[in-house]
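What follows is one structure encoded as structure tokens, with my remarks underneath.
Order of appearance sets the numbers: ligands from 1, and atoms from 1 within every ligand. Values below: all heavy atoms of this structure, side chains included; hydrogens, waters and symmetry mates excluded.
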Amino acid sequence: MNGDKDKGIFLKTITDKLFEFAPTSMAESWDNVGILVEPSNECLVSNILLTNDLTEDVMDEALEISANLIISYHPPIFTSLKRITNSNWKERIIARCIVNNIAIFSPHTSWDVVQGGVNDWLANAFEYEEVKPLTIQKSNAIKSKYTLTVESTDDNLFIKIGETYARSFLEMDLKILMVEKSTSTSMSTKFTVEGTEEILKKIVPMLQQNVSVLCYYINPQYTIGDEVSGVGRICKLKTPITIMEAVKKLKKYIGISFVQLALARKVTPDHLIKTIAFVAGSGGSLLKNTYCDLKITGEASHHDILDSIHNGSSVILTNHSNSERGFLLEFKKILTSKLNNPNVQIIVSSTDSDPLKILQALKIKSTVEFSH
Ligand SMILES: [Zn+2]
């Protein structure tokens, strides 16, 4: 079951390389990452199986290819296990790994935040001139200033602000960063001002007295350290593209035949977009307070989607794991070059797939076929 042990390398050698790519300390505090199953302290590895989810089908595949290590992006053990029996699928998988001497490593959110990880892979579906995390990881970023972006339907927004607030903005040490016609809703104008969080919160009610405020956002700005890592990504495209072009590019890049699209209010599919935010997996709440033309994530709640489309952002959903899985092919290349050992075989699972399918995209011949 374990392949040719003479040709394998120690698990520790592989985990060192995995940590080199993304230290598990980068993962979110609530996550459960790293080595989750280690059948012995001298595990030799010659066959590595990469998967997004460790399902029972993937487990069968791991045994077929004589895997000694499964790298499962989502952690197969997340909440505490009180027993390992054969009574449910999650426990069965762990039991089968131990019996068959297969180790499990899970990187999860450490791959989400790391530079060159899952979210960067997703953003690479588009040609951008600039990309940065939505929230820069605290370990290498200092939160210094905040920005307030105000969007208004009032054409005279800037005249009013100039006349009424220029002096007080100066006194409050606020800096106007940007004034422009909104690209998301042609009827609106917006401006961004920088200052401390406290002052920005105070000026919102002041502005609302004289200007019809459509919506506003207060976001932290960061002084970035050496590495640009953090949750999600937001990019500015090199050239604006229509929403339908974005849909086509994304489908092609991920290799799926469908997405779900929620258009922002008063926006049509041929509307040009310039800024896109990405959260691989479940990004509804993370994307909630992000201002951009388009948000791309795996899944989001109905109410988060309604918030987005009312705040000028269209939303594309791909289903959860379709927004993550494609990174495995990229990671295979990264790990192959890091290990640089012809005796170690790295295989991307062929049975791992998103459990949700769109019926129109399936050629169903019989219920037996679908029940797979
Ligand atoms: Zn996920």
His108 vs Phe78 aromatic rings, parallel, tilted or perpendicular, using cut-offs 30° and 60°?
->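 The rings of His108 and Phe78 stand perpendicular, inter-plane angle above 60°.
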Answer yes if the side chains of Ser321 and Asn52 hold a donor-acceptor pair under 3.5 Å, and no otherwise.
->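 Looking only at side-chain atoms, Asn52 and Ser321 do not form any donor-acceptor pair under 3.5 Å.
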So do the side chains of Leu122 and Phe327 get within less than 4.5 Å of each other, counting heavy atoms only?
->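 Not in contact.
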Kindly give the atom name of the N, O or S atom of Glu324 closest to the Zn ion (ligand 1).
->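 The Glu324 atom nearest to the Zn ion (ligand 1), restricting to N, O or S, is OE2.
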Identify, by name, the N, O or S atom of His74 lying closest to the Zn ion (ligand 1).
->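 Result: NE2.
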Hey, is the main chain of Leu306 close enough, under 3.5 Å, to the side chain of His310 for a donor-acceptor pair?
->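 Yes.
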Specify whether an N/O/S atom of His320 falls short of 2.8 Å from the Zn ion (ligand 1).
->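 Checking His320: at least one N, O or S atom is under 2.8 Å.
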